[in-house]
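Note sheet for the following structure.
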Amino acid sequence: MRKTSLIMLGAFLGAGTSMLATQTDFLSGPRAVAASAETYRQLSLFGDVFEKVRTDYVEKPDESKMIEAAVNGMLTSLDPHSSYMDAKAFRDMQTTTRGEFGGLGIEVTMEDGLIKVVTPIDDTPAAKAGLLANDVITQIDDDQVQGLTLNQAVDKMRGPVNSTVKLKISRKESKDPIDVTLTRDVIKIKPVRSKVEGGDVAYIRLTQFNEQTFDGMRAAIDKLSSEIGPDKIKGYVIDLRNNPGGLLDQAVMVSDAFLDRGEIVSTRGRNPDETQRFSAKAGDLTKGKPVVVLVNGGSASASEIVAGALQDHKRATILGTRSFGKGSVQSIIPLGGSGALRLTTARYYTPSGRSIQAKGIEPDVEVTQDVPDELKGKDETKGEAGLKGHLKQKDTDERGGSSAYVPPDPAKDKQLIAAVDFLHGIQKGAANGTPAAQQQKPSVPN
């Protein structure tokens, strides 16, 4: 039986996932291995326990939930990234990677048990209705928001295109609550943001790797090149900080945008014949301009593929703090209408053959931020090495998490400032700058 699977390189950070459609024989062919007699005895034990609980538990249990819990327990015992997704979780994952859904067009966060608007997305129902940053959503369709989780509130605001939803808004400038009724529309998550820094540096931030990422980045390169002037651009800053991952093919295309040749990444499974290699094609969209890639403790998975490829090819200077260290590959195996399995099936390697599993990408130039006193000690991620049950590497020293703090005020962003200064201080066409040893070390859309 042939199953469609999706290869993931997603971080253990929440929403981020990376996938590549492929075909894999999981239940047939030479890799199928007969279970041992002991395995079948254990399966019989599971059946006995299930039947005993089903018939004798003090209250009638939900049998489907029992089975789902057993399956998930089996998978989560393997490593932190293997798990079972029910049908809803599978749909949500597909929505995240597709980058569009029926919704209102606002980025929200949870604050003191209430849903707070971070920003309305341009040209969406929320923006057209006049919602503002810092608005507090107190009711959704006459239901109180307090007591809901962030995901539950987001689920209530998302829905079929052209359906309506009523929100009650609390705004500091208004004494009385504001009632607005919005009609849901197709919302596209924009994973690319860009601007000009210092008059002659093209800054491009990638927040995730969904189906829109490469096209968005290519458009940003064209726009900034035209705006600054192709002969005046000092270089590009590609900001991957706190980017938890995304589609593998998008990570490959983003890397390829700055390379003319060579391997970008390889994935190696349990058997040698499962190795896959992804290589660059001719054509550098930036015409050889210098590149600085910003990373931190929240840069994981697909972000690390891009940073690792450009670092190994000496095409970019990696600046910031050590990345997350997510170097394993998960296959998403759909189970008909019953959800999907997320199963770790391989590790990935940078062009030089490095596995960054539980190590991360070490920046060429380390620059740390000034962390506010109230956030000190809370700004570091655990990193892959801090996750219980993570895959180990033989004869390799593991590295823990690093700071993932990015100041909200760009004027206080030491890493961005250092990147711009770095590009202003190197010759046109150079790839890497001074080694680190010689440098001074200093929300949910719906």
Side-chain angles (χ1 to χ4, degrees), residues 122 189-210 212-243 246 250-260 264 280-296 299 302-311 313-320 323 361 363-365 367 369 406-434:
D122 292 341
I189 302 172
K190 296 182 179 179
V192 180
R193 300 171 185 172
S194 62
K195 61 181 177 178
V196 177
E197 286 286 346
D200 54 9
V201 171
Y203 170 86
I204 301 175
R205 167 143 174 73
L206 306 183
T207 59
Q208 59 178 282
F209 289 83
N210 66 25
Q212 325 296 329
T213 301
F214 174 71
D215 287 342
M217 188 188 75
R218 179 169 55 186
I221 290 174
D222 291 343
K223 177 178 178 292
L224 293 172
S225 177
S226 175
E227 188 174 336
I228 298 171
D231 296 330
K232 296 181 180 179
I233 292 181
K234 290 292 185 181
Y236 290 81
V237 175
I238 308 301
D239 191 348
L240 299 178
R241 293 175 297 178
N242 295 330
N243 182 325
Q250 294 289 315
V252 170
M253 287 191 286
V254 166
S255 303
D256 195 1
F258 305 96
L259 298 170
D260 278 316
I264 292 172
K281 301 178 181 66
D284 179 347
L285 297 185
T286 65
K287 306 292 192 295
K289 292 288 185 179
V291 178
V292 174
V293 175
L294 297 180
V295 298
N296 65 8
S299 306
S303 297
E304 294 172 297
I305 287 176
V306 175
L310 299 186
Q311 185 179 54
H313 285 290
K314 301 189 185 302
R315 178 62 186 90
T317 297
I318 312 302
L319 186 150
S323 65
I361 299 287
D364 300 308
V365 180
V367 178
Q369 303 279 16
V406 178
D409 182 358
K412 298 179 181 179
D413 188 343
K414 292 176 65 176
Q415 292 167 347
L416 176 57
I417 293 169
V420 173
D421 288 346
F422 190 84
L423 289 171
H424 282 153
I426 61 178
Q427 294 299 313
K428 178 180 176 181
N432 267 19
T434 309

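Since the model is a prediction, treat every value here as computed from it, not as a measurement. Quick note: numbers below take in every heavy atom, side chains included, and nothing from hydrogens, waters or symmetry partners. Along the sequence shown, residues carry numbers from 1.
Although no hydrogens or angles enter the test, the distance criterion places a donor-acceptor pair under 3.5 Å between the side chain of Thr213 and the main chain of Gln208. Put simply, the side chain of Asn242 never gets that close to the backbone of Asn296: no donor and acceptor are under 3.5 Å apart. Looking only at distances, a side-chain donor or acceptor of Gln415 sits under 3.5 Å from a matching main-chain atom of Val367. A donor-acceptor pair is defined here as one N or O able to donate and one able to accept, closer than 3.5 Å; such a pair exists between the side chain of Asp260 and the backbone of Gly283. For the pair Ser323 (side chain) and Val295 (backbone), a donor-acceptor distance under 3.5 Å is absent. Distance alone, capped at 3.5 Å, is enough to place a donor-acceptor pair between the Asp364 side chain and the Ile318 backbone. Panel note: side chain Ser255, backbone Ile264; no donor-acceptor pair is recorded below 3.5 Å. The closest donor-acceptor contact from the side chain of Ser226 to the backbone of Asp222 lies at 3.5 Å or more, if one exists at all.
You'll find the side chain of Arg241 reaches within 4.5 Å of the side chain of Asp413, heavy atoms only. In this structure, Lys281 and Asp256 have side chains that are in contact, with non-hydrogen atoms separated by less than 4.5 Å. Within the 4.5 Å cutoff, no side-chain heavy atoms of Lys289 are placed close to those of Ile221. Side-chain contact between Asp239 and Leu416: absent, with no pair of heavy atoms (C-beta onward) separated by less than 4.5 Å. No side-chain heavy atom of Phe209 sits under 4.5 Å from any side-chain heavy atom of Ile305.
Across all their heavy atoms, Val293 and Ala316 have their closest contact at CG2-CB, 3.9 Å. What you find for Ile238 and Val291 is that their closest heavy atoms are CG1-CG1, 4.0 Å. Residues Asp284 and Gly288 share a closest heavy-atom pair of OD2-N, 3.2 Å. Nearest heavy atoms, Val306 versus Ala251: CG2-O, 3.6 Å.
The side chain to side chain donor-acceptor pair (under 3.5 Å) search around Lys412 returns none, not counting sequence neighbours. Looking at residues two or more places apart in sequence or on another chain, you find a side chain to side chain donor-acceptor pair (under 3.5 Å) between Glu197 and Lys195.
Going from atom CG of Asp215 over to atom CE of Met253 covers 7.0 Å, rounded to the nearest 0.5 Å. Remark: Phe422 CZ to Thr317 OG1 distance equals 3.5 Å, nearest 0.5 Å. To the nearest 0.5 Å, atoms CG (Leu423) and OH (Tyr203) are separated by 13.0 Å. Note that the CG atom of Asp200 and the CG atom of Leu224 stand 12.0 Å from one another [nearest 0.5 Å]. To the nearest 0.5 Å, the span separating CG on Leu240 from CG on Leu294 amounts to 8.0 Å.
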Please assess Gln250 against Leu206 for the test side-chain contact (heavy atoms from CB on, under 4.5 Å), listing each intermediate value before the final yes or no. CA-CA 11 Å; Gln250 294 289 315; Leu206 306 183; over 6 Å; no
